[in-house]
Undergrad: 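I'd like to ask you about the structure that follows.
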Amino acid sequence: MGETRIGVVGAGILGLAVAREVARARPGVEVTVLDKEDRVAAHQTGRNSGVAHAGLYYAPGSLKASLCRRGIGLLKDYCTEKGLPYVECGKVVVARDLAELEPLLEIERRALANGVPGLRRLSRAELREVEPHAAGAAALHSPSTAIVDYPAVARALADDVRAAGGTVRLGVEVTGLRRASGRVAVRTPHEELAFDRLIVCAGLHADRVARLAGDAPDPAVVPFRGEYYRLVPERAGLVRGLIYPVPDPRYPFLGVHFTRRVDGGVDVGPNAVLALAREGYRWRDARAADLLETLRRPGFRHLARRHWRTGARELYGSAVKRAFAARARAFVPELRASDMVPAPAGVRAQAVDPDGSLVDDFRIGRLGPVTTVRNAPSPAATSSLAIAEHIVREL
C-alpha cells in the first residue's frame, strides 16, 4: 500500500483491532480512529455477554466459522500477553427433549467441521456432572468456550494504537464522506479530515456511515435489544460455566441462556426485542427518526410479517418477568423469578436484506478507498483480531 493516512470509523473492539493491525502491518502509516462517544467500547463491545465463542454454530466455510476459530486463538494469546482475564469455563448446549437431539447433532457436525477442540456428547447424567443444576435430555460440551472482559480488551487495543503512533479521537462524529481522486474526505461537525483509506466499523450505525460513502442502502441495520437479568449473588452457584439452548436455525439469536462473567456474576438472557432507537437500551429510549427509518425498510416489514409470532413471544417475555424466568427454568429448574434482578441490556446491530432475510455471515464490502463492515454481530468480538487481519490483508 502506498497510502500514508488510514482512518477507522468506530472505537469498538473491531475498529480498534483494525487500527492496531494497520499499525502493525504498515509501520509508518498514520492511523486515526474516530468515534462519536467519549469512551471506547461504548455500545456493542461494552454491553455484550463476554463470551469467547469456540465456533460451534457457524456454517463450515463461512467467514464466521474461519474467523471465529482463528480469532479465539488470537484473543486468548492477546489476553495472556496483556494480563487480561480469559477463563475457559466451558459451555453446554442442552437439548431439552428428544425433538432437539437432531438439531444438537447438527451443531456437533458443524463444530467438528470447524475444528472446535475437545467436544463431548453428554447424557442426562453426564450433563449433571458438568452442570449439577442443569436439566436436559442430552448436551454437547465445549470445554474451550471462554469468558473475557471485552471492554478491557478494547482499552488495551486503544493503548496499542497510541503506542504505535496512532490517534484515537473520541467525541468526533462523522457527518459526511466524500470520495474523490482515490481518497476520502471525512466531515465532522468542526473540521474536514483527509485519508487515503477509510475503514468503516460503525456498529449500530454501520449502514448509515456506509451510505455516506455512496454504498447501497441495504442491508439495513435493525436494532434488536437483548435484555438480561443477573442472578443474585447467593444464587450464582446454580451455574458453573455457560448453559445454552439448542438455537432455532431460523434466527441468528441463540436464545435465553446462562452466562458466567469474569467477575463471578451470572447473567440470564438475552431475549431479542425491537429497539425503539439505534441506541435504545430501555423501552423509554425511543427516537422517532430511528424507529421510522426501521419501519420504512422493506426488509423489516418482510421480517415482521414472517416472524410476528416470535416477536410477540419475545415482547411478552420482556414485559413479564415470570415468563422470562420460565424460559430459563427449562434449563435450570431450581431457578425462581426472585433469584433474578435486572442487568444492563445490549443492542445488536443486525443487518437485514430487502427480502427480510437476517444476514447471517459477516459482510464486508469495498467502495474504492472505503472498506465497509456492514454486518458483524456475534461472534465479532471473539473474531475481532482475525477480522482485522482479513480486512488489512484485503487492503
Undergrad: Is the ring pair Y58/H53 parallel, tilted or perpendicular, if the boundaries are 30 and 60 degrees?
TA: perpendicular
Undergrad: Are D160 and R24 close enough for a salt bridge, meaning some N to O gap below 4.0 Å?
TA: no
Undergrad: Is there a salt bridge (charged side-chain N to carboxylate O under 4.0 Å, His left out) between D290 and R208? Walk through the geometry before answering.
TA: CA-CA 11 Å; D290 286 358; R208 290 172 170 173; 2.7 Å; yes
Undergrad: Identify whether the distance between the nearest side-chain nitrogen and carboxylate oxygen of R120 and E129 falls below 4.0 Å.
TA: no
Undergrad: Would you call R169 and L193 a side-chain contact if the rule is heavy atoms closer than 4.5 Å?
TA: yes
Undergrad: Main chain of A213, side chain of R179: is a donor-acceptor contact present, judged purely on distance under 3.5 Å?
TA: yes
Undergrad: To the nearest 0.5 Å, what is the distance between CG (L63) and CZ (R363)?
TA: 11.0 Å
Undergrad: So do V51 and Y244 actually touch side chain to side chain, heavy atoms under 4.5 Å?
TA: yes
Undergrad: Return yes if some donor-acceptor pair links the side-chain N/O of N375 with the main-chain N/O of A351 below 3.5 Å, else return no.
TA: yes
Undergrad: Rounded to the nearest 0.5 Å, what separates atom CD1 in I72 from atom OG1 in T145?
TA: 6.0 Å
Undergrad: Does the side chain of E126 pick up a donor-acceptor pair with the side chain of H141 at under 3.5 Å?
TA: no
Undergrad: Inspect the contact between D207 and R278 and indicate whether a charged nitrogen and a carboxylate oxygen are less than 4.0 angstrom apart.
TA: yes
Undergrad: Return the CG to CD distance between L112 and E108, rounded to the nearest 0.5 Å.
TA: 5.0 Å
Undergrad: Looking at K321 and E227, is there a salt bridge between them, counting it only when a charged N and a carboxylate O are closer than 4.0 Å?
TA: no
Undergrad: Taking 4.0 angstrom as the limit, do D215 and R374 come out as a salt bridge?
TA: yes
Undergrad: Can you find a pair of side-chain heavy atoms, one from V373 and one from V18, that are under 4.5 Å apart?
TA: no
Undergrad: Are any of the side-chain heavy atoms of R240 and P132 separated by less than 4.5 Å?
TA: yes
Undergrad: L140 versus L56: any side-chain heavy-atom pair under 4.5 Å?
TA: yes
Undergrad: Taking the side chain from D353 and the backbone from D355, do they hold a donor-acceptor pair closer than 3.5 Å?
TA: no
Undergrad: Whether the T382 and Y150 side chains hold a donor-acceptor pair (N or O, under 3.5 Å, no angle test) is what I'd like checked.
TA: yes
Undergrad: Donor-acceptor pair, distance only, cut-off 3.5 Å: does the side chain of D339 make one with the backbone of L335?
TA: no
Undergrad: For V172, is there any backbone N or O sitting under 3.5 Å from a side-chain donor or acceptor partner on T188?
TA: no
Undergrad: May I ask you to test the E389-L67 pair for a side-chain heavy-atom distance under 4.5 Å?
TA: no
Undergrad: Between E106 and R110, is a salt bridge (charged side-chain N to carboxylate O under 4.0 Å, His left out) present by the stated rule, with each step listed?
TA: CA-CA 6 Å; E106 175 58 26; R110 286 189 173 200; 3.5 Å; yes
Undergrad: Less than 4.0 Å between a side-chain N and a carboxylate O, is that true for R5 and D196?
TA: yes
Undergrad: Given D267, which of R260, R261, H257 fulfils the side-chain hydrogen bond (donor to acceptor under 3.5 Å, both in side chains) condition?
TA: R261
Undergrad: How many angstroms lie between CG in L177 and OG1 in T372, if you round to the nearest 0.5 Å?
TA: 11.0 Å
Undergrad: Please examine the side chains of L127 and R124, heavy atoms only from C-beta on, and report whether any two atoms are closer than 4.5 Å.
TA: no
Undergrad: Tell me yes or no: between the side chains of N271 and E314, is some donor less than 3.5 Å from an acceptor?
TA: no
Undergrad: Strictly under 6.0 Å, is that where the ring centroids of Y229 and F324 end up?
TA: yes
Undergrad: Is there a side-chain contact between R197 and L395 (heavy atoms, below 4.5 Å)?
TA: yes
Undergrad: Any ion pair linking E394 and R366 (charged N to carboxylate O, less than 4.0 Å)?
TA: no
Undergrad: Is it the case that the side chains of E279 and H205 hold a donor-acceptor pair, with the cut-off being a distance below 3.5 Å and no angle test?
TA: yes
